[in-house]
Amino acid sequence: MAPIQEGGIRIAIDRGGTFTDCVGNPGTGKMKDDIVIKLLSEDPSNYDDAPLEGIRRLLSKFTGRDIPRGEALDTSKIESIRMGTTVATNALLERKGEKIAMVVTKGFKDCLEIGNQSRPRIFDLAIKKPDVLYEEVIEVDERVTLEDYAEDPFRNQTKTPPRDQTPDDAAVVRGLSGEAVRILRRPEEERIKSQLQALYSKGVRSIAVCLMHGYTFPDHEALVGRIARELGFNHVSLSHELMPMIKLVPRATSACADAYLTPAIKKYIAGFEAGFEGGLGTHSLKTEEGAKGARCEFMQSDGGLVDVDQFSGLKAILSGPAGGVVGYALTSYDPATRTPVIGFDMGGTSTDVSRYGAGRYEHVFETTTAGVTIQSPQLDINTVAAGGGSRLFFRNGLFVVGPESAGAHPGPACYRKGGPLAVTDANLFLGRLLPDFFPKIFGKHENEGLDKDASEKLFKELTDQINEEVSGGRDDKKMTCDEVAYGFIKIANETMTRPIRSLTEAKGHDTSQHRLATFGGAGGQHAVAIAENLGIRQILVHRYSSVLSAYGMGLADVVDEQQVPSSKVWSDDSTVREDLKEVMDGLKGKAVKALHDQGFNDDKIVFEEYLNMRYRGTESALMIIKPSVEEVENEYNGDEWAFERAFIKQHQQEFGFTLPGRDIIVDDVRARGIGQSFKGLEKTVDQQLKEIKINDLGPNEKRYGTNSVYFEGGRQETPIFKLDDLNVGDRIKGPAIIADGTQTIVVTPIASALVIDTHVVINIGDDNVQTKKVNAKDVDPIMLSIFANRFMAIAEQMGRALQKTSVSTNVKERLDYSCALFDADGGLVANAPHLPVHLGSMSTCVRTQSKLWEGKLKPGDVLVSNHPEYGGTHLPDITVITPAFNDGKIVFYVASRAHHADIGGILPGSMPPHSRELFQEGAAIKSEKLVSEGNFNEERITELLQKEPSKYPGCSGTRCLADNLNDLKAQIAANQKGINLISALIEDYGEEVVQFYMHNIQNNAELSVRNLLKQVSKRFEGKDLSAVDYMDDGSPIRLKISIDADKGEAVFDFAGTGPEVYGNINAPRAVTYSAIIYCLRCLISEDIPLNQGCMKPIDVRIPPKSFLSPSSRAAVVGGNVLTSQRLTDVILKCFQACAASQGDCNNLTFGIGGSQDGEEEVKGFGYYETIAGGSGAGPDWDGSHGVHTHMTNTRITDSEVFERRYPVILREFSLRPCSGGIGQHPGGDGVIRDIEFRIPVHVSILSERRVYHPYGLNGGGDAECGLNLWIRRVAQSDTDHRGGEDHEETRIINMGAKNTAFMQPGERIVIMTPGGGGWGKVGEESRAKKERDPKHAWRGGSLFSRLQVQETN
């Protein structure tokens, strides 16, 4: 062992969920001198704090003296301690942070409870929104707004002088972002003081302050902060100091998270520091008294270190995993070859995925962890599975892995704590995990190894259960325990592959062009299979792969982030550039000071400079880094500040198009100051591979032993090698297992492993390129599960292709589309994402078209349709259908449906609240060839979209033809992507097998529905189920469900439903199918494939000429958004599943401009939103407040963004107290949304449940109806008192459920949305369950954000 160097010992620690990893170096910096220690993160009977215990053990080894527990550790021998900790994450997950209060602008006290109004899981009737972190809220009576608005067609900009030249009482001032801010109400200092004093007396000592537009006008927040500190609050989090970015809700959540977590962090650090003799941190090195201190830095979520004194809760949430990203990025990426790397970190409790390319970390600025959405720079780390602890299930004939986890306690079955079967058990049972090489920390005395017998016993039981369900008594169909365990491994790999592909492809990268860097305890057992599925040929396993997070801490740099908002329009003229440079220099100056304070000299400080840029009118901002010296010379003609060209290049790569001539807005200026401490590796992987002399090991050379290991096809006697016994240059051909005390690497028969200085490099051969032999006679449940994943992956990849090549905001940003795969008859096989209203309806469309064009289609033909009579839902949703041919016959169809922003009609947006005939809603296309044998029929589609609609009175053709055409071409491209992917699947498995599993995946869904219907029949003792409910115009929806319990079939009979309506609440038949599939999926309450099979046991009978089967001329826009909601209410009432939810979408539109009857178009803008309400209570849950329900899940525009884009003041957005039904389980409350208009606008509301109350069930009370009010200024003549003079008075006018009005400046619309019905009688004991979502602890990076957007559009 090398002696301790003069500088002292360097220690790096990662405290994970299960294990704490410690890497110590005597100060030489050489890997060979490192000491690695792994210990349990929680072991209260032996030690209180794992990192402190780890340091004690390291110091004992380095000094040769056994330091007793409890003795203060000597910091004079330590140069630095670097640490990643889960303290903040755990406090957030377990909701064990500080007692806090939130201070917010009046009218917004419920902003975090409402959030973005979407529900986390669209098929959960028992909606579980994450708990808020605060215990109290106080509203400050203050208000500012932005003077100008982004959608102003005339681009007016109010000029304001700099703040230091503005009088104190000015009504309009310049904000930090350069925008003009109007001060509507200044806060009263004494009032705030008394409000905060009341909080203080309740024992609250930590507060979060977030006021409207505080990101650009921080004065009022700063005032509250000053008063709070004067009153003695220990911690005050001001949103503008933490992250001055627009968006009230994420900024408020971030402030709350900081106030909630920072005191917990400080408390932990104080306890940690108490274990040392001598202080920790930069200040301890400067003090001259007492023992010499040691540098102590903590890893932040952005991949940079910070001094212990500066570490805060907000920056700590990804502290541990960030070290792993730094570790693999700096050890696996070579700046010379620039091969990007995917990081695959599979531990005991989670599997995290990230990407490193172009020599810098990928950050995201809005992420969700433990249900808390945070605005702060964080590495883009995405949890894709529950890790080695992912539980194994056999459900509805399918193999299912996770998302539930066995956790660390009790852990997998083999942990000797009576736990369930998990992925770790499967690896152990199959011989892929070696107990000899696993820490002996299990059993009563924590000195036993893994228990293989426990895993084996449970696998035998599960295999018996599977064989009983699947084999039908035939021995030849029975599976062995090995096949079952291996099946679960394959499904686990499929489950992880899909999100990894999503992460890379969503950013415009090809997965196969990457290396896979695997780390974490379980990564080595899955890496080869994961890489194979992704088309990756090379895997890098660092020698420290199981402790790479800790190792990464030792390599990381200290970072200081500075950021300010902006609103500049980019221009190449010198003024704009100079202004932005001046701001950037100011930020760099602040960062330099912070790094100087942490002991860095100027020669060690470098910068990354960023502008956050977007095209005007879009929300997709890209954080653009200042081009490198090399890029400036080679691409940008020596222009060092070529931010515009860098933005255009990145936009093209990520989104597939650019918008020439469109303004580019700079939203934020950001400087990342880096205090460099990492010296660089001696040699990169690529340099080592160039120089290495390969030595192929013979059959018995250097073997440690052998083990029987299961690979595809059966068990093989597999040699085991100890990593320590292998020399640099040794190459081992698979199958083999390479192990040391911390990791096990499985090398499959088609791979080979090469040992280099720093890594084991696994190369995957091409032997596996062959048709996979799969039987197409008997259903193999493993293959069924794999094909379910593959079909869904194809639909998802089609979606990404559509988003990438589309242009419109609706498709590109709101992701308002669905892509699906159908069998040769038009039956749905897989649909992504799960938009409830698209679920059954696309299939109706494809089946109708396939019958219509039978025998007439040729390769290269593409169909287009949106007509309600032909399977459409409403006209803006246009469906593009492509048949796929094999040997001259159609073998399947692919289709994509996208919401087009405008397709003509009487109003912009093509969603008029008062339409009476279909032509008023825009272009209606029954069935046309969009492409004929490869030729795009642009002339015909232009005629259909532009000329046809404008022939009708009061109607216009499409108002955005270019977007329509571009999006239709994107839909064609997405379909082609689907066809190519299925063709590849057919090449792999053969057409017969693919068709066989296409039909069997439908049979699987059918079986789930039949089982559900049998259970329901039993519950209701074979009686028919019936229900009725009414639209506000009195139109009834009646339903009787008759179930045949023996067959598991049902008739859904809507006899008695009202006739077609001369209005727009008529719902095409396809909408009824969607509502039925949605309700069945909610009732099954398990993840089943959603396809045509769901409807096979259902006979739907809709009376002709009713408003659920309207004529071809009937208006339908309300049917899609309103009647669909009443349908779900009626179906769920039949099943007595839950009380009614708000039963409404509350569709609000406002705007100016447009053209009609051939008049010249007037410039303007349009806005559309749907508004949340209350959800219905059920037998074991309370209703949720302020949330979207059933057939919609759209997000609401953030309050600050709303005011920045449109000429409005949002006076209130809060919960509507007592609007939910009373009961044993009360219904959720609706919301109040109060909008004041600042210019004259047309305002329309399309809503329901303004007459008929959302029903309660089982004795629960009905909810309040909704109410739409116009706060109108009315001229009044008062001859008695004013001599005939006119004056204005304010009148409150009820607008009814559906109306349009022209509102003047200062007038308001107040929408009070319905609540949800209650369940059970008041006074009965609540049976509400407190269940936690198994994905609660998952890290949500860009992948999660994308999925959320997709499920909330």
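This chain uses plain numbering: 1 for the first residue, then up along the sequence.
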>> Using only atom types and a distance under 3.5 Å, with no angle test, would you say the side chain of R1081 pairs donor to acceptor with the backbone of C1094?
In response: no
> Quick one: do D877 and R897 make a salt bridge, cutoff under 4.0 Å?
Replying inline: no
> Any side-chain heavy atom of L1025 within less than 4.5 Å of one from K1040?
Replying inline: no
> Should Y870 and L852 be marked as a side chain to side chain contact (heavy atoms under 4.5 Å, CB included) after you check the CA-CA gap, both sets of side-chain angles, and the distance that decides it?
Replying inline: CA-CA 10 Å; Y870 287 70; L852 207 61; 3.8 Å; yes
> Rounded to the nearest 0.5 Å, how far does CZ of R121 lie from SG of C1082?
Replying inline: 11.5 Å
> Do the rings of Y1078 and H1190 sit parallel, tilted or perpendicular, given the 30° and 60° boundaries?
Replying inline: perpendicular
> Do N533 and M496 touch side chain to side chain, with heavy atoms closer than 4.5 Å?
Replying inline: no
> Nearest 0.5 Å, what's the CG-CG distance between N980 and N975?
Replying inline: 11.0 Å
> Considering all heavy atoms of both residues, which atom of A1050 and which atom of I1041 are nearest to each other, and what is their separation?
Replying inline: CB-CG2, 4.2 Å
>> When you compare the side chain of P781 with that of M479, does any pair of heavy atoms fall below 4.5 Å?
In response: yes
> Should Y997 and D780 be marked as a side chain to side chain contact (heavy atoms under 4.5 Å, CB included) after you check the CA-CA gap, both sets of side-chain angles, and the distance that decides it?
Replying inline: CA-CA 9 Å; Y997 279 102; D780 174 350; 3.5 Å; yes
>> Restricting to non-hydrogen atoms, name the atom on S932 and the atom on N937 that form the minimum distance, rounded to 0.1 Å.
In response: OG-ND2, 3.1 Å
>> As a quick check of understanding, evaluate side chain to side chain contact (heavy atoms under 4.5 Å, CB included) for F892 and I986, giving each step before the final call.
In response: CA-CA 11 Å; F892 58 86; I986 288 174; 4.0 Å; yes
> Between K478 and E483, what is the shortest heavy-atom contact and its length?
Replying inline: O-OE1, 4.3 Å
>> Quick one, S1112 and H867 - any side-chain contact, counting heavy atoms below 4.5 Å?
In response: yes
> CG of N1004 to CD of E1006: how many Å apart, nearest 0.5 Å?
Replying inline: 10.0 Å
>> Using every non-hydrogen atom in the two residues, find where P1068 and P868 come nearest and quote the distance to one decimal.
In response: CG-CB, 3.5 Å
> Parallel, tilted or perpendicular for F787 and F791, by the 30°/60° rule?
Replying inline: tilted
> Where the side chain of Y486 meets the backbone of G713, is there a donor-acceptor pair that is under 3.5 Å apart?
Replying inline: no
> Does any N or O in the side chain of S118 come within less than 3.5 Å of the main-chain N or O of H1188, such that one atom is a donor and the other an acceptor?
Replying inline: no
>> Tell me if a side-chain donor or acceptor on N396 pairs with a main-chain N or O of L398 at a distance below 3.5 Å.
In response: no
>> Within the 4.5 Å heavy-atom criterion, are M783 and Y989 side-chain neighbours or not?
In response: yes
> At their closest point, which heavy atom of C819 faces which heavy atom of S896, and how far apart are they?
Replying inline: SG-CB, 3.9 Å
> Are any of the side-chain heavy atoms of N964 and I878 separated by less than 4.5 Å?
Replying inline: no
> CG of N1120 to NE2 of H899: how many Å apart, nearest 0.5 Å?
Replying inline: 9.0 Å
>> For T844, is there any backbone N or O sitting under 3.5 Å from a side-chain donor or acceptor partner on T848?
In response: yes
>> Could you check whether any side-chain heavy atom of M1095 comes within less than 4.5 Å of a side-chain heavy atom of I1077, counting everything from C-beta outward?
In response: yes
> Can any side-chain N or O of N831 pair as donor or acceptor with the backbone N or O of L1090 at less than 3.5 Å?
Replying inline: no
> Taking atom CD of E928 and atom CG of L863, what is their separation to the nearest 0.5 Å?
Replying inline: 9.5 Å
> Which value, rounded to the nearest 0.5 Å, describes the distance between S1017 atom OG and D1046 atom CG?
Replying inline: 8.5 Å
> So, do F399 and F394 have ring centers that fall under 6.0 Å from each other?
Replying inline: yes
> Is it true that a side-chain atom of N866 and a backbone atom of L875 form a donor plus acceptor pair closer than 3.5 Å?
Replying inline: yes
> With a 4.0 Å cut-off, would you call E933 and K858 a salt bridge?
Replying inline: yes
> Is it true that a side-chain atom of Q797 and a backbone atom of G978 form a donor plus acceptor pair closer than 3.5 Å?
Replying inline: no
> Taking C-beta and beyond as the side chain, do I491 and V400 meet within less than 4.5 Å on heavy atoms?
Replying inline: no
>> Between E921 and V1117 (side chain of the first, backbone of the second, donor and acceptor by atom type, cut-off under 3.5 Å), is there such a pair?
In response: yes
> Taking all non-hydrogen atoms of both residues, which atom of L857 and which atom of P883 are closest, and how far apart?
Replying inline: CD1-CG, 4.0 Å
>> Test side chain to side chain contact (heavy atoms under 4.5 Å, CB included) on R1069 and S1109; report intermediate values, then the result.
In response: CA-CA 5 Å; R1069 296 176 70 92; S1109 179; 3.6 Å; yes
> Hey, is CD on Q465 packed in by over 12 heavy atoms from elsewhere, all under 6.0 Å?
Replying inline: yes
> Within the distance-only criterion (no hydrogens, no angle test), does the side chain of S865 pair as donor or acceptor with the backbone N or O of K926 below 3.5 angstrom?
Replying inline: yes
